[in-house]
Amino acid sequence: MAELMVGQTLHVPSRETAQPGPIALKVTDLSLASGAAFGTSLKSIGFEVRKGEVLGISGLVGSGRTELARALFGLDARDAGEIWVAGQRVNPQSPSQALDVGISY
C-alpha cells in the first residue's frame with residue numbers, strides 16, 4: 001500500500017538492523033501552568049526524537065497536545081523545562097525565535 005502511495009519501491013529497515021540517529025529534539029520536564037492559552041496545564045513533559053524518527057502527539061480535547069505544541073513554538077511561556085535541538089539548549093520565546101533554531105508549528 002505504501003509503495004502505491006509514493007509511487008516507488010520502499011526499503012524499510014527492520015528493527016534489528018536500524019541504527020538510531022543522533023537526538024534531534026529533546027524536551028525535559030516541560031511544565032506550563034493552567035491559565036495558558038487554552039486552560040490546560042502540562043507537568044513534567046519529556047521526550048526525545050532521533051534523526052529519522054517521526055513523533056506523533058495525539059490525545060483528546062483538553063489533553064494538552066495543543067499547549068505542548070504552542071510551548072515548543074514559543075507561543076506560550078513555559079514555567080519550567082528545557083528544549084534541546086541537535087544538542088544545543090534553546091529557549092524560544094516567540095515563533096520567530098523557534099523558527100531560527102529549527103522548530104516549526
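We use all heavy atoms of the structure for the numbers below, so side chains are in, but hydrogens, waters and symmetry mates are not. The structure displayed is predicted, hence computed values, not measured ones.
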> So do S41 and L32 actually touch side chain to side chain, heavy atoms under 4.5 Å?
Replying inline: no
> Does anything in residues 48-69 pair up under ring pair (Phe, Tyr, Trp, His ring centres under 6.0 Å), and if so which pairs, sequence neighbours excluded?
Replying inline: none
> So how far is it from L30 CG to S44 OG, rounded to the nearest 0.5 Å?
Replying inline: 9.0 Å
> Applying the 4.5 Å side-chain criterion to the ILVMFWY set and letting contacts propagate, would L68 and I23 be lumped into a single cluster?
Replying inline: no
>> Among residues at least two apart in sequence or on other chains, which ones pass side chain to side chain contact (heavy atoms under 4.5 Å, CB included) with S94?
In response: S96, Q97
> Considering residues at least two apart in sequence or located in another chain, which fulfil the side chain to side chain contact (heavy atoms under 4.5 Å, CB included) criterion with Q88?
Replying inline: none
> So does L60 have more than 12 non-hydrogen atoms from other groups sitting under 6.0 Å from CG?
Replying inline: no
> Which heavy atom in S31 sits nearest to a heavy atom in K43, and how many Å separate them?
Replying inline: OG-CA, 3.6 Å
>> Could you walk me through whether I103 and I83 satisfy the side-chain contact (heavy atoms from CB on, under 4.5 Å) test, starting with their C-alpha distance in whole Å, then the side-chain angles of each, then the deciding distance to 0.1 Å, before giving a yes or no?
In response: CA-CA 10 Å; I103 298 174; I83 301 171; 4.0 Å; yes
> Roughly how far, to the nearest 0.5 Å, is the CD1 atom of I57 from the CG atom of L72?
Replying inline: 6.5 Å
> For the residue pair R70 and D76, what are the closest heavy atoms and their distance?
Replying inline: NE-OD2, 3.0 Å
> Tell me, which pairs form a salt bridge (charged side-chain N to carboxylate O under 4.0 Å, His left out) where one or both residues lie in residues 84-104, sequence neighbours left out?
Replying inline: E82-R89
> OG1 of T66 to CG of L42: how many Å apart, nearest 0.5 Å?
Replying inline: 10.0 Å
> With sequence neighbours excluded, what pairs up with V54 under the side chain to side chain contact (heavy atoms under 4.5 Å, CB included) test?
Replying inline: none
>> Let me confirm one number: the CG-CD distance from L10 to E3, rounded to the nearest 0.5 Å.
In response: 5.0 Å
> Taking a hydrophobic cluster as the set of Ile, Leu, Val, Met, Phe, Trp and Tyr residues connected by side-chain heavy atoms closer than 4.5 Å, whether directly or through intermediates, do L55 and V101 fall within one such cluster?
Replying inline: yes
>> If you define the side chain from C-beta out and look only at heavy atoms, does anything of K26 sit under 4.5 Å from T28?
In response: yes
>> Filter on ring pair (Phe, Tyr, Trp, His ring centres under 6.0 Å), then keep only pairs touching residues 45-104, sequence neighbours left out; what's left?
In response: F73-Y105
> Can you pull the side chain to side chain donor-acceptor pair (under 3.5 Å) pairs that have at least one residue in residues 48-60, sequence neighbours excluded?
Replying inline: none
